[in-house]
Amino acid sequence: MTIPAPLAGEVRRVAKERHLTMSRALVVLAERGLRAETEARENLKAAYRRFMKEQEPARKEEAGKDLIRAIFGKDAIAEDTFL
């Protein structure tokens with residue numbers, strides 16, 4: 001398998017820090033990435049369910065913001081400090 005040089009450098013760093021082979025470091029990093037993907041998908045589903053379930057306008061708005069953050073990232077909504 002061929003990976004870009006910057007990524008290979010990071011894998012080497014992880015392997016060295018954790019006293020792993022490059023192959024094992026790749027497996028560890030892939031597992032971590034898959035867990036992160038699964039967690040993000042579950043957070044998105046929970047945010048969507050909360051938004052759809054909420055009836056009270058202020059809480060629905062907050063649930064909507066949480067849903068936007070789940071989709072686009074936690075910095076997706078700029079907070080207006082003047083209001």
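Heavy atoms only: backbone and side chains are in, while hydrogens, waters and symmetry mates are out. Quick caveat: nothing in here was measured; it's all calculated off a predicted structure.
From R12, atom CZ reaches atom CD of E10 across 10.5 Å, with rounding to the nearest 0.5 Å.
Contacts of E17 classified as salt bridge (charged side-chain N to carboxylate O under 4.0 Å, His left out), with partners at least two apart in sequence or in another chain: R13.
The hydrophobic cluster around L34 extends to none of the other residues, as no ILVMFWY side-chain heavy atom falls under 4.5 Å of it.
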Pair up each side-chain donor or acceptor in residues 39-58 with any protein partner under 3.5 Å, not counting sequence neighbours, and list the distances.
unit_1: N43; atom_1: ND2; unit_2: E39; atom_2: O; d: 3.4
unit_1: R50; atom_1: NH1; unit_2: D66; atom_2: OD2; d: 2.4
unit_1: E54; atom_1: OE2; unit_2: R59; atom_2: NE; d: 3.4
unit_1: Q55; atom_1: NE2; unit_2: K53; atom_2: O; d: 3.3
unit_1: E56; atom_1: OE2; unit_2: A58; atom_2: N; d: 3.4

Contacts under 3.5 angstrom, residues 19-31 side chains, donor-acceptor by atom type, not counting sequence neighbours:
unit_1: T21; atom_1: OG1; unit_2: R24; atom_2: N; d: 3.0

